[in-house]
Amino acid sequence: MRQHDKLFIGGDWVAPAGTGTIDVVSPHTEEVVGRVPDGTPADMDRAVAAARQAFDQGPWPRMTMAERAAVVSRLAEIYAARQGEMAEIITEEMGSPITFSQMAQAPQPLGMLQYYAELGKTFPVEEERPGTFGPVIVRREPVGVVAAVVPWNVPQFVIMIKLAPALVAGCTIVIKPAPETPLDSYLLAEMVKEAGIPDGVVNIVAAGREAGEHLISHPGVDKVAFTGSTAAGRRIASICGEQLKRCTLELGGKSAAIILDDCDLPSAMGFLSIASLMNNGQACVAQTRILASRNRYDEVVDAVAAMVQGMPVGDPADPATGIGPLVAKRQQERVEGYIKIGIDEGAKPVVGGLERPYDRGWYVAPTVFAGATNEMRIAREEIFGPVLAVIPYEDEADAVRIANDSDYGLAGTVWTADVEHGLDVARQVRTGTYGVNLFMIETSSPFGGFKSSGLGRELGPEGLSAYLEYKSIARMG
């Protein structure tokens with residue numbers, strides 16, 4: 001069992017203020033596989049104080065961006081050597097199939113470190129513009145102390161989407177991992193210490209909601225970076241609004257995959273399986289609404305059903321597994337509740353349903369609904385599990401209308417033999433990230449959502465700018 005009794009604050013392992021602990025339970029065996037301290041508001045106070053001192057008095061924000069980028073590059077080298085271990089920890093603590101952990105859960109955070117380390121070498125910190133009485137310097141300075149509150153589904157990805165640009169920008173940070181997945185953050189802390197990042201620049205305190213809200217509302221925090229549910233995002237936005245605190249919010253999604261009539265279905269299904277069911281369906285960008293024309297509706301339903309049936313359900317540590325368990329019992333019950341809602345609403349499960357694949361572990365049967373409409377709750381609410389709804393459309397304009405008929409706007413795809421035409425469709429769908437015949441989150445490009453999917457953008461140069469304040473310095477002569 002992976003057991004830790006300290007918190008990472010001020011560059012050192014320190015005893016927690018309280019005596020509470022967090023048990024990390026395997027979604028596959030339902031057995032405790034780890035235990036860490038449960039952070040308290042007092043621990044958050046200590047972490048913010050360390051980050052505040054490191055920002056106000058320490059060397060990190062006073063180094064050049066290129067100097068900080070060199071340190072981040074060292075962290076990337078250390079991360080690269082241990083990414084296999086990181087993938088195994090994430091699979092153990094939250095049930096992500098090991099193939100997905102090895103393909104995305106660990107490599108993508110490494111890619112972010114490498115990208116921002118490289119970007120920091122050339123990113124313009126100052127530029128000169130013509131002004132009324134003389135040149136004006138536009139300067140970019142770090143925003144300050146950052147509170148990063150992250151979910152359990154892709155824990156290192158979401159930490160690094162915040163940590164890597166914040167470090168290069170010159171910020172200091174307090175990271176609050178989700179209580180379901182704190183173990184990976186301990187490995188990250190070891191790497192941070194080995195990389196020689198100055199004390200107090202990175203602080204990590206796993207905790208529940210009360211301590212998390214205390215961190216978010218702390219007057220010593222200058223910016224909040226949050227990924228999670230839209231409901232929690234609204235609460236965080238209200239706190240930040242009251243304090244005029246900067247915030248970046250990456251929230252929920254209910255993305256649509258538009259299957260055009262010229263699509264080669266066998267080819268598309270190989271990529272759509274990842275786009276729709278990555279990480280056991282526990283992904284905010286998952287394409288869970290499959291839009292098919294009435295001309296090919298039955299054919300698409302059969303293809304999607306075969307795709308899901310071809311993804312073995314089982315032990316996430318087994319490389320043959322396509323879909324593993326959900327992260328917690330409450331999540332299992334939530335997803336099964338939506339499957340029941342879909343049946344009650346009149347949709348037909350052509351694959352899956354309410355019968356569990358295993359007696360042990362938090363598994364649900366991957367389910368494909370036919371006969372669904374975009375007005376059903378299974379088409380409008382984020383389920384966060386392996387549940388797909390195939391929805392018919394009349395023509396292409398109707399498909400775009402249905403895709404846009406959502407409270408969310410995070411991701412989406414179109415599947416077609418004509419890539420240029422697919423780009424035309426992509427330009428009409430109001431989402432932050434889109435794919436033609438695939439779905440990817442590109443490190444070099446901004447990621448975020450429209451509507452209730454959030455505020456601001458992460459990744460790319462835009463993701464670095466989110467951790468910088470702009471200062472204009474005018475002069476005469």
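With rounding to the nearest 0.5 Å, the separation of CD in Gln3 from CZ in Arg35 is 5.5 Å. Atoms CG and OH, from Leu464 and Tyr116 in turn, are 6.5 Å apart once rounded to the nearest 0.5 Å. Rounded to the nearest 0.5 angstrom, Asp38 CG and Thr21 OG1 are separated by 7.5 Å. Ile89 contributes atom CD1, which lies 7.5 Å from atom CZ of Arg82 (distance to the nearest 0.5 angstrom). Between Trp152 atom CH2 and Gln331 atom CD the span is 4.5 Å, to the nearest 0.5 Å. Within the model, atoms CZ of Arg430 and OG of Ser453 stand 11.5 Å from one another, a figure rounded to the nearest 0.5 Å.
Formation of a donor-acceptor pair under 3.5 Å by the Lys245 side chain with backbone atoms of Ala237 is not found in this model. With hydrogens and angles ignored, the 3.5 Å screen pairs a side-chain donor or acceptor of Arg140 with a backbone N or O of Pro124. Side-chain atoms of Ser238 come within 3.5 Å of backbone N or O of Arg235 as a donor-acceptor pair. With Asp318 contributing its side chain and Ala320 its backbone, the two residues share a donor-acceptor pair below 3.5 Å. Side chain of Thr172 to backbone of Ala51: a donor-acceptor contact under 3.5 angstrom is found. The main-chain N or O of Ser26 is never found under 3.5 Å from a side-chain atom of Glu93 such that the two would form a donor-acceptor pair. Although no hydrogens or angles enter the test, the distance criterion places no donor-acceptor pair under 3.5 Å between the side chain of Thr431 and the main chain of Tyr434. Side-chain N or O atoms of Ser255 include one that pairs as donor or acceptor with a backbone N or O of Ala411 at under 3.5 Å. With hydrogens and angles ignored, the 3.5 Å screen pairs a side-chain donor or acceptor of Lys254 with a backbone N or O of Ile378. Put simply, the side chain of Asp315 gets close to the backbone of Ala317: a donor and an acceptor are under 3.5 Å apart.
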Given Glu442 and Tyr115, is the side-chain hydrogen bond (donor to acceptor under 3.5 Å, both in side chains) satisfied, shown in steps?
-> CA-CA 11 Å; Glu442 295 283 0; Tyr115 171 79; over 6 Å; no
Verdict with reasoning, Leu272 to Ile290, per side-chain contact (heavy atoms from CB on, under 4.5 Å) = CA-CA 10 Å; Leu272 188 62; Ile290 313 297; 4.1 Å; yes
CA sep, side-chain torsions, deciding dist, call: Arg246, Glu469, salt bridge (charged side-chain N to carboxylate O under 4.0 Å, His left out) | CA-CA 10 Å; Arg246 282 79 177 127; Glu469 291 278 24; 2.7 Å; yes
Would Glu30 and Lys329 count as a salt bridge (charged side-chain N to carboxylate O under 4.0 Å, His left out) if you check the C-alpha gap in whole Å, the side-chain angles of each, and the deciding distance to 0.1 Å?
-> CA-CA 9 Å; Glu30 300 185 36; Lys329 184 173 181 59; over 6 Å; no
Take Ser96 and Asn279, measure what side-chain hydrogen bond (donor to acceptor under 3.5 Å, both in side chains) needs, and give me the verdict at the end.
-> CA-CA 5 Å; Ser96 184; Asn279 205 29; 2.8 Å; yes
Let me see the working for Tyr79 and Met86 under side-chain contact (heavy atoms from CB on, under 4.5 Å), right down to the final yes or no.
-> CA-CA 9 Å; Tyr79 204 105; Met86 183 66 79; 3.8 Å; yes
Intermediate values then yes/no, side-chain contact (heavy atoms from CB on, under 4.5 Å), Ile197 and Leu75 | CA-CA 9 Å; Ile197 294 174; Leu75 177 59; 4.1 Å; yes
CA sep, side-chain torsions, deciding dist, call: Val327, Phe384, side-chain contact (heavy atoms from CB on, under 4.5 Å) | CA-CA 10 Å; Val327 72; Phe384 228 63; over 6 Å; no
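With Glu250 as the partner, the side chain to side chain contact (heavy atoms under 4.5 Å, CB included) test is satisfied by one option alone out of Leu410, Val285, Ile161: Leu410.
A side-chain N or O of Ser101 and one of Thr91 form a donor-acceptor pair less than 3.5 Å apart. Asp43 and Thr40 form a side-chain donor-acceptor contact under 3.5 Å, judged by distance and modelled atom types alone. Side chains of Ser276 and Gln287: no donor on one and acceptor on the other come within 3.5 Å. Side-chain contact, Tyr363 with His28: a donor N or O sits under 3.5 Å from an acceptor N or O. Between the side chains of Glu381 and Tyr408, no donor N or O sits under 3.5 Å from an acceptor N or O.
When all heavy atoms of Phe439 and Ile441 are compared, the pair lying nearest together is CE2-CG1, 3.9 Å. Contact detail for Val221 and Val146: the closest heavy-atom pair is CG1-C, 4.5 Å. When all heavy atoms of Gly95 and Pro316 are compared, the pair lying nearest together is O-CB, 3.3 Å. Summarising the geometry of Asn404 relative to Val429, their closest heavy-atom pair is OD1-CA, 3.4 Å, with the distance given to 0.1 Å. The minimum heavy-atom distance linking Pro165 with Gly463 is given by the pair CB-O, 3.7 Å. Summarising the geometry of Met44 relative to Ala207, their closest heavy-atom pair is CE-CB, 3.8 Å, with the distance given to 0.1 Å.
Ion pair Arg356/Glu336 flagged as a salt bridge, since at least one NZ, NE, NH1 or NH2 atom sits closer than 4.0 Å to an Asp/Glu carboxylate oxygen. A salt bridge between Arg209 and Glu213 is absent, with no side-chain N of the basic residue lying under 4.0 Å from a carboxylate O of the acidic one. Under the 4.0 Å criterion applied to side-chain N and carboxylate O atoms, Glu462 and Arg457 are not assigned as salt-bridge partners. Salt bridge status for Arg330 with Glu180: present, with a side-chain N to carboxylate O gap under 4.0 Å.
The closest side-chain heavy-atom distance from Gln105 to Pro155 is below 4.5 Å. Annotation: side chain of Met1 is not in contact with side chain of Val24 (no heavy-atom distance under 4.5 Å). Residues Thr227 and Glu458 are in side-chain contact: their nearest non-hydrogen atoms beyond the backbone lie under 4.5 Å apart. Looking at Ile175 and Asn203, their side chains never come closer than 4.5 Å, going by heavy atoms from C-beta outward. Side-chain contact between Pro312 and Ile323: absent, with no pair of heavy atoms (C-beta onward) separated by less than 4.5 Å. Looking at heavy atoms from C-beta onward, Arg52 lies in side-chain contact with Asp222 at the 4.5 angstrom threshold. A heavy-atom distance below 4.5 Å is not found between the side chains of Lys223 and Cys247. Taking 4.5 Å as the limit, every side-chain heavy atom of Lys451 sits out of range of all side-chain heavy atoms of Asp407.
Heavy atoms of other residues, nucleotides or ligands lying less than 6.0 angstrom from CZ of Phe450 number more than 12.
If you look at Trp60 and Phe55, their ring centroids are not closer than 6.0 Å. Ring-centre distance between Trp13 and Tyr186: below the 6.0 Å cut-off.
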